[in-house]
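Both backbone and side-chain heavy atoms feed into the values below; hydrogens, waters and symmetry mates do not. So that the names make sense, note that chain A is the first sequence line, chain B the second, and so on, each numbered from 1.
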Number of protein chains: 2
Amino acid sequence: MSHHQRLLDSLRQAGHRLTPQREMILAIIGESQTHLTAKAILQRVRARYPHINKSAIYRTLDLLTRLGLVNPTDLGHGQIEYEIRQRPFHHHLICHNCGKITRVDESLFASLDRKLRDEYGFAADLCHFAIFGLCAKCQARTTPTRTRRTK
Amino acid sequence: MSHHQRLLDSLRQAGHRLTPQREMILAIIGESQTHLTAKAILQRVRARYPHINKSAIYRTLDLLTRLGLVNPTDLGHGQIEYEIRQRPFHHHLICHNCGKITRVDESLFASLDRKLRDEYGFAADLCHFAIFGLCAKCQARTTPTRTRRTK
DNA sequence: ATCCTTATTGCGACTAGTTGCAACAACAGA
DNA sequence: TCTGTTGTTGCAACTAGTCGCAATAAGGAT
Ligand SMILES: [Mn+2]
Ligand SMILES: [Mn+2]
Ligand SMILES: [Zn+2]
Ligand SMILES: [Zn+2]
């Protein structure tokens, strides 16, 4: 069964209607190998279905998020970006200074997940985090010798 | 030295000007014991200084964030909320289902911090996370006995 | 194939947040 | 205290995202 078909079925099985708008949005997110903004999705759908409105995009993305099919994430680009939710999960390390984004595996969060369950009984959604900080290079640069101020 | 004074000094020492607008915004965030939205801050500043514009609020909050003095966080209420950054850090567990917010200590992230440094040389800003998921009560409710569908 | 219920849509008006620009005012220097 | 530089402000116009509502159409039932 195709990836796209799996998404359509999830929608129907949750009791939602399958509209051409939703089908196209799902096709675009399902095919994409990268994070997509709502604007990018709108533009791509419009290419084949000019009538579509941005509300349908946002409402569909919201629905898919509630169903656990996509992850909305703020990667610091000024708009939310969407990505299909797929195992194995992954996260992103984002450098405040140079903007470099590194993809990391979900296993990093295993111990945090365990602690949250054990100590708080909390079942956390640890499926797509954006973690900001300084990459190795920028740490070296912004703390050169610690003797002289950078201006 | 007062809490408020410490914030003012940080601004000046970083080479920024101390305007009455900034002073009032800092006073309000510094005194607040809770997360505040930009709107709430604007309203409180306006009470004493009616002329102030929302741009000054957003720009000041942005500056304070860049200087590491406040944390902006999306707690799922539809607006960003701001809070003074203070040690010890803390994070929040937020239940998708009932909205309950639990405060947790920064120590939870110690092992993640270590792993990111060791494996990626990444110095993460782990000072104020919002972690969504299901609280203990809501897990019990939404997965009752696993034998019968909920509707 | 037709009908009916109601979920979903497009639309327009709204809120949250950002940005370019000209006027203003902090503050360093004299 | 006065002056000049330039960082900061208010403003207005903009982008991102949300919401209420009337029109539409999905899909279950007959
Ligand atoms: Mn991703
Ligand atoms: Mn907090
Ligand atoms: Zn970097
Ligand atoms: Zn709950």
Side-chain angles (χ1 to χ4, degrees), chain A residues 7-26 28-29 35-46 48-67 69-82 130 151, chain B residues 7-26 28-29 35-46 48-67 69-82 130 151:
Chain A
L7 292 168
L8 298 180
D9 288 351
S10 304
L11 256 197
R12 292 291 298 115
Q13 277 166 32
H16 299 281
R17 293 182 185 176
L18 198 42
T19 66
Q21 291 92 330
R22 284 179 176 171
E23 212 163 332
M24 276 181 278
I25 293 167
L26 280 165
I28 283 160
I29 304 181
H35 304 127
L36 289 175
T37 63
K39 189 181 190 180
I41 295 168
L42 178 59
Q43 287 170 342
R44 291 179 197 206
V45 175
R46 268 218 230 280
R48 278 200 293 141
Y49 190 90
H51 191 56
I52 199 167
N53 185 271
K54 67 173 174 173
S55 304
I57 304 286
Y58 283 112
R59 287 195 271 234
T60 299
L61 290 171
D62 191 56
L63 175 64
L64 297 175
T65 300
R66 278 182 282 113
L67 292 176
L69 302 176
V70 312
N71 292 320
T73 312
D74 179 1
L75 295 162
H77 298 305
Q79 294 135 274
I80 302 296
E81 295 175 52
Y82 299 85
K151 182 192 177 182
Chain B
L7 293 167
L8 298 181
D9 289 352
S10 304
L11 256 197
R12 292 292 297 115
Q13 277 166 32
H16 299 282
R17 294 183 185 174
L18 198 41
T19 65
Q21 291 91 333
R22 284 180 176 169
E23 213 164 330
M24 275 182 279
I25 292 167
L26 279 166
I28 282 158
I29 304 181
H35 303 127
L36 289 174
T37 63
K39 190 181 188 180
I41 295 167
L42 178 60
Q43 287 170 343
R44 290 179 198 208
V45 175
R46 266 218 231 281
R48 279 199 293 140
Y49 190 91
H51 191 57
I52 198 166
N53 186 270
K54 68 174 173 171
S55 303
I57 303 288
Y58 283 113
R59 286 196 270 232
T60 300
L61 290 171
D62 192 54
L63 174 64
L64 297 174
T65 300
R66 279 182 281 114
L67 292 176
L69 302 177
V70 313
N71 292 319
T73 313
D74 179 1
L75 295 161
H77 298 303
Q79 295 134 273
I80 303 297
E81 295 175 53
Y82 299 84
K151 179 193 179 185

side-chain hydrogen bond (donor to acceptor under 3.5 Å, both in side chains) involving A/Ser55 - partner list, sequence neighbours excluded: A/Asn53
Residues that A/Asp74 engages under side-chain hydrogen bond (donor to acceptor under 3.5 Å, both in side chains), provided they are two or more places apart: none
5′-ward residue of the pair A/Arg22/B/Tyr82 relative to DNA chain C: A/Arg22
Which residue lies more 5' along DNA chain C, comparing A/Leu63 with B/Ile80 via nearest heavy atoms: A/Leu63
Whole angstroms only, please: what is the [atom1]-[atom2] distance between [X] and [N]?
| X | N | atom1 | atom2 | value |
| --- | --- | --- | --- | --- |
| A/His51 | C/dT9 | NE2 | P | 11 Å |
| B/Ile57 | C/dA16 | CD1 | P | 14 Å |
| A/Leu61 | C/dT8 | CG | P | 15 Å |
| A/Gln13 | D/dG28 | CD | P | 13 Å |
| A/Met24 | C/dT8 | CE | P | 16 Å |
| B/His77 | D/dT18 | NE2 | C1' | 17 Å |
| A/Glu23 | C/dT8 | CD | P | 14 Å |
| A/Gln79 | D/dT18 | CD | P | 13 Å |

Side chain to side chain contact (heavy atoms under 4.5 Å, CB included) partners for [X], two or more places apart:
| X | result |
| --- | --- |
| A/Thr19 | A/Gln21, A/Arg22 |
| A/Ala14 | A/His16, A/Leu67 |
| B/Gln43 | B/Lys39 |
| A/Arg46 | A/Leu42, A/Ile52 |

Contact residues, residues 35-46 of chain B to DNA chain D [heavy atom, < 4.0 Å]: none
Nucleotides 19-30 of chain C: protein proximity per nucleotide (B base, S sugar-phosphate only, - neither; heavy atom, under 4.0 Å): BB----BBSS--
Indicate every side-chain donor-acceptor pair of residues 57-64 of chain A with a distance under 3.5 Å to a residue at least two apart or in another chain.
residue : atom : partner : partner atom : Å
A/Thr60 : OG1  : A/Ala56 : O            : 2.7
A/Asp62 : OD2  : A/Arg66 : NE           : 3.3
A/Asp62 : OD2  : A/Arg66 : NH2          : 3.4

From A/Leu75 atom CG to A/Glu81 atom CD, the distance as rounded to the nearest 0.5 Å: 4.5 Å
Gap separating the CD atom of A/Glu23 from the CG atom of A/Leu18, nearest 0.5 angstrom: 4.5 Å
Difference in axis direction between the ends of the helix from C/dA1-D/dT30 to C/dA30-D/dT1, five pairs, 10°: 30°
Derivation of the side chain to side chain contact (heavy atoms under 4.5 Å, CB included) call for B/Ile29 and B/Leu69: CA-CA 10 Å; B/Ile29 304 181; B/Leu69 302 177; over 6 Å; no
Over all atoms of both residues, closest heavy-atom pair of B/Ala40 and B/Leu36: CB-CD2, 4.3 Å
A/Lys54 (side chain) and C/dG10 (base): donor-acceptor pair under 3.5 Å: no
